[in-house]
Amino acid sequence: MASENVMHANGHGAGAHADYLDSTKGLWSWLTTVDHKRIGLMYLWSVVFFMITGGLLALLIRLELLTPGPTIMDAELYNRAFTLHGAIMTFLVIIPGIPAALGNFILPLLLGAKDVAFPRLNLTSYYIYVVGALMALSTLILGGVDTGWTFYTPYSSTTGGGVSMMVLAAFVLGFSSIFTGVNFIATIHKMRAPGMGWFELPLFAWGMYATALIQILATPVLGITLLLLVMERVLSVGIFDPNLGGDPVLFQHFFWFYSHPAVYIMILPAMAIISEVIPVFSKKTIFGYKAIAFSSVAIALLGFLVWAHHMFTAGMSLFAGAIFSFITFFIAVPSAIKVFNWIATMWRGSISMKAPMIHAINFLLIFTIGGLTGLFLAALSTDVHLHDTYFVVAHFHYVMAGSNMIALLAGLHYWWPKMFGRMYNERMAAIAAALIFIGFNATFLPQFLMGSRGMPRRYYNYLEQFQELHVLSTIGSWILAFGLFMCLAVLLASLRGKKGVASNPWGGKTLEWEALSPPITHNFEDTPVLVHGPYDYRPQPVPVVVEREQGVTH
Amino acid sequence: MTWFRDFLLGTPAATHASDVDGLYIFITLLTIFFFFFNGALIFYAAKRWKRRSDDEVTPHITHDTRLELIWSLIPLAVVMLIFFWGFKGYVSAWVAPNDAMEIVVTGKKWLWEFEYPDGTRALNDLHVPVNKPVKLIMHAEDVIHSFYVPAFRLKRDVLPGRYTEMWFTATEPGVHQVYCTEYCGKGHSDMLARIYVDTPEEYEVFLREGDEQVRKMPLKDLGKLVYENKGCATCHSIDGTRGQGPTFKGIWGKMERGTDGKEHVVDENYIRESILVPNAVVVQGYEPIMPTFQGLLRERELLGMIEYIKSLQ
Amino acid sequence: MSQSTTVPSQDHHEHAHPPGLQHHFIDMRQQFEASKIGMWLFLVTEVLLFGGLFVGYGIMHSKHPEAFIAAHTHLDWRLGALNTIVLLVSSFTMVMGVWAAQTGQKKKLIGYLTTTFLLAGAFMVVKYIEYSHKFHEGLLPGKFYAHQGDTVPGQFMFFSFYFMMTGLHGIHVLLGMVAIAWLIWRAQKGHFSSQYYGPVDMVGLYWHLVDLIWIYLFPLMYLLT
Amino acid sequence: MEHTHEHDHPITGPKTYMTILGALVVLTVITVWIAQFDFGAANTVVALLVASIKGALVALFFMHLRHDKFNAVIFVGGLFFLGVFLIFSLFDISTRQTVLPSNLKEPVQAFPGAPLGKPVQPGTGMPKGQAPVVPE
Ligand code: HEA
Ligand code: HEA
Ligand code: CUA
Ligand SMILES: [Cu+2]
């Protein structure tokens, strides 16, 4: 047996054949674990915690906007609320969400590996995340941050409160993200099961790979940007402050050089999950494997060339605006390819409408709207009208909250039995999914209309004429919240039951379904060797030619 | 289609808006189309090929290059169309015609200040003539703001330390809302202004007598406004301290000795002359640096100034 | 009907588990290559981190060329050149250390590592001299800039960048010294051999990157015209 | 079949390393030497060119990228995106046109004398023909 005479990071080998949840006991064994599955779960619970925190803040924001003028808070509190909401949701929820929580758990299993390439770095990255999260929360005591999550100078370099702390928190969180990215790329390159060539790689791994590329290439620039901002506050270095000869628009270049690619850190993992769920629940080979795989990488790389589409009205030059707009449009093409390939995968399949599939379909519908509304913003003349209105707010909630979060739910429902060895109540899960879909659209569809009619974002107070739409949106947010809490309750309720789900409840063809549910600490009893492609649903799968990859086989 | 446009965007009020609206409606229809198109395909597939038993066999289709090319190239063509359409609108909103009337806009926490070519200033209310190009030259005093007129479909950030420009030709007389759309702190959502698009007749009246605010104001308050807005305050104090020019406090009725050696009593005519022809009499002990305000102050404003100085005893 | 069959992996039975091999890797080579990729990815993040500062420097330089050129005359290019040489030599001794490790020469390895460590220390000493001189003259970043008698305004911005860039670089040198010290300690314990020298190689790469960044800093800061 | 060696490229020896060190030192001297000449706008380019030759030597030999194609791609890729960042940002900044109100004669000079001066407030509403005032 493979694991008999290897050193155990957990200190002993007794639990090697028990599942990873029970192999060792006690809080300490979790806090010091280097098992990617346990780290993944710790990330998952942290992300859920912050999702709820950020979500409750969102509910307060929506409640405040029920009426124009003060409803439940004053302007300063409101500004802090949406800043914290935005910062928590981006830096603490959505960026680590799918890669660090689900990706950590699933990726090594998908590749047939025992762990990620650098398990200790993985744990370090989690603790850096915790430190960053605590720093972000500590701004609550330091007087709050009221800059918006974009920290635009010179407002951010002059306003009071805990701006420096929040900025440093984002800096620290960046390292967590970088380490995850480094780990995933090394893992995908070097830890694949024998026989797994690049085109036998499950598409989830391709998505993670593209995501990791962005994490590595863009995050350091965010780091230095934030450091410069802190320096500006502490030393008045002058780079962003026009009174000292600096250029405030330069900050926006620095910020968006990271933060635009970061939106693809958010959507690529979501797409990665959808690429797994749809073939399994259609019981059919993915349509256009290579197109989907390469489009992920194309989105990641193109994503670096378009950042200034957030700055069309910011006082950029005409030529720069034109170039950035032009390149932005090219990203629509790989996105379109993906959407149509997913639909083609369903075509003539054998479609089973289980909870993960319902979420996946919700994703397809919501992402279509979210993505296409990106075109309004990418086009120069319409963006001039829509920039910094609720249209933008609606656009990014459709892609972030709607697409990413719903894909996370799809993935969570899909892999839940693998992670915990238990099945949730599928009927209730389906009902929750429907509620989420309805609530989501009720919340954010009205915001497109408001924005088109001129309602600016980050507005505490607004004109009477927008109230009806705001009321609609607020009521929608309650339905959405109800659906999400129900969804969480359904999942948690399953944990009270006994373990005992079959190792492959959905009929998946990728390697993680070879492992037990829940998997043992070392994932597989023996190193798996690939014999057919990841989505081969033929009755007699045709064996793939076992490619002898350097460093993988021996 | 106009009801659809008005429902989505509100009625446009500037020449440039039609370009934006056309593109906006095009993409809206595109989005609606693809939402229902994709939705229909998905639901058709889900119904038609619903799983009936667990051992169903599906065809093994890996890809179809022709189909994939179609659904890459069509979106590509569509987005290129959108790009050029958007670019066209952007450029037309970029370069102002040479005869455009120029108004200097200052944004600061949390109000908008407008300065007309004749030097008159106003807070939060801007009067422009209908069907005449107007160019706004904008800058901010503290942080970034953004000047947004939804009815004109226009918006441009207002930056500290630099000027940005925006121009329009208003087509609809009436009042149009202006918002600040770059987050600027506590008063961000109250940093509103209004653009009054005047018919030629209304604009005549405005030019002669100032806006409503000015017309209705008591003379003394108007004087104070002039004092604060026209730069008098940079040289003259109202509390007795000596600046680049003499203070206004207590000068009414006083005798002033000019550099010509003569004494002059500070009365209506003296003040009027000092403002319009400052170098006629230069007060002893001061440099002749006061600029003339000939043509920059309306008659009523001069009267207001006199009243104001009278009140500073 | 599964994606895989499993083969019992026999390598662990065939030969003793090599020292330094972590449990989740199949063999030394996989471990080495994985950590090498990881290291290079990390170096890329370092390049982009410093790169952000270089971009900021470049843009501000292009906006205020006179101020930057006037300010750089306060730096002593001779000290900068000295430090360049010191770092270059330390890079050389480092790579010799890697070579010694590859060829299993423990004594030489320790010797080269120690030399590298000392050269790094020398670099910091020179930096200390430079910094204390600047502090003395009031050539400080941002609002602390207090140098008297400038004719060209705005020189504080050059020093903002000077301190941020050389400061960040200095921190990297210090971290490198810690890493090298750790290598010396492990080498003394006999951890490394021609079979297992990954850590030496990794620290080496890091150290060369620190050198590489300085190669760009030197002309940009000290030799502006 | 098994690899106990971590490396199977030829090991570069001390001789090569010595040569490279020599070259690096010479190039450093050259950097200092050419800094005396004024090539006008090309100054920075020349300095960066020499630095890049040095950098390439370090990367290729000391960091063994010569034998390590894959990691060389990673590294060069990183540099590529850094270049994108620099060039696109500079492009915007160098193509912005200056907008000035016609009643302001002088461009807004936003640079205070160092150390920290009072910020210049552009266009504080002076009548036509007046330069902006620096409020004390
Ligand atoms: C997950 C995150 C995510 C994703 C995936 C996207 C995707 C896209 N975004 Fe979005 N965006 C954000 C998150 C995201 N965005 C955020 C957070 C902001 C605001 C930040 C802030 O200011 O606070 C923002 C803002 C933003 C702006 C700036 C708006 C402004 O402030 O003025 C722009 C402008 O170009 C833009 C464009 C796009 C485009 C073109 C895409 C494309 O990638 C979309 C491509 C997808 C499709 C096109 C749909 C699928 C295709 C089909 C169904 C086929 C049919 C298609 C065609 C015929 C073309 N986004
Ligand atoms: C991931 C990103 C994300 C997500 C998910 C959300 C979710 C929501 N957001 Fe937010 N939002 C942002 C990112 C996000 N937002 C950003 C970046 C900004 C800009 C900030 C700025 O301007 O600086 C913003 C701004 C913003 C505004 C604009 C404020 C303004 O401009 O004045 C509004 C207003 O309606 C809003 C509302 C909401 C609502 C109602 C939700 C709802 O979807 C929330 C629903 C969630 C809950 C009610 C919690 C319940 C959750 C659970 C129980 C967990 C379930 C988990 C499992 C089952 C695993 N958000
Ligand atoms: Cu001014 Cu917002
Ligand atoms: Cu973007």
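Basis for what follows: all heavy atoms, side chains included, without hydrogens, waters or symmetry-related copies. Sequence lines set the chain letters: A, B, ... in the order given, protein chains first and strands last, and positions in each chain run from 1. Nothing here was measured: the structure is a model prediction, and the numbers come from that model.
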Heavy-atom distances under 4.5 Å only: say whether [X] touches chain B with side chain, backbone, both or neither.
X        : answer
A:Phe82  : side chain
A:Asn341 : both
A:Ser157 : neither
A:Phe367 : neither
A:Thr147 : backbone
A:Thr159 : neither
A:Ile343 : side chain
A:Met455 : neither
A:Ala378 : neither
A:Leu364 : side chain
A:Ile366 : neither
A:Ala314 : both

Under 4.5 Å from a heavy atom of chain A, the part of [X] involved:
X        : answer
B:Met80  : side chain
B:Lys88  : neither
B:Leu192 : side chain
B:Glu165 : neither
B:Leu8   : both
B:Ala46  : both

Ring centres under 6.0 angstrom apart ([X], [Y]):
X        : Y        : answer
A:Phe287 : B:Trp71  : yes
B:Tyr44  : A:Trp347 : yes
A:His385 : B:Tyr148 : yes
A:Phe448 : A:Tyr398 : yes
A:Tyr78  : B:His188 : no
B:Tyr196 : B:His127 : yes

Looking at [options], which has the largest count of heavy-atom pairs under 4.5 Å with chain A?
options                              : answer
B:Gly86, B:Ser72, B:Cys180           : B:Gly86
B:Trp94, B:Phe87, B:Phe26, B:Trp85   : B:Trp94
B:Asn38, B:Leu76, B:Thr164           : B:Asn38
B:Ser92, B:Cys184, B:Gly39           : B:Cys184
B:Glu182, B:Gln177, B:Arg48          : B:Glu182
B:His63, B:Lys109, B:His60, B:Arg156 : B:His60

Heavy atoms only, distances under 4.5 angstrom: which of [options] has the most pairs with chain B? Name it, please.
options                                : answer
A:Tyr289, A:Phe326, A:Tyr152, A:Phe330 : A:Phe326
A:Leu463, A:Asp247, A:Val249           : A:Leu463
A:Thr328, A:Ile337, A:Val333, A:Asn79  : A:Asn79
A:Thr382, A:Thr285, A:Leu318           : A:Leu318

Would [X] and [Y] count as a cation-pi pair here, with the cationic atom under 6.0 angstrom from the ring centre and within 45° of the axis?
X        : Y        : result
A:Arg453 : B:Phe7   : yes
A:Lys290 : A:Phe199 : yes
A:Lys284 : A:Tyr537 : no

Taking all non-hydrogen atoms of both residues, which atom of B:Leu23 and which atom of A:Ala379 are closest, and how far apart? CD2-CB, 3.8 Å
Of all the heavy-atom pairs spanning B:Lys155 and A:His387, show the shortest one and how long it is. NZ-O, 2.6 Å
Are a donor atom and an acceptor atom from the side chains of B:Tyr24 and A:Ser452 found within less than 3.5 Å of each other? yes
Can you confirm whether more than 12 heavy atoms, excluding those of A:Arg348, are under 6.0 Å from its CZ atom? no
Interatomic spacing from CE in B:Met191 to OH in B:Tyr183 - rounded to 0.5 Å: 13.0 Å
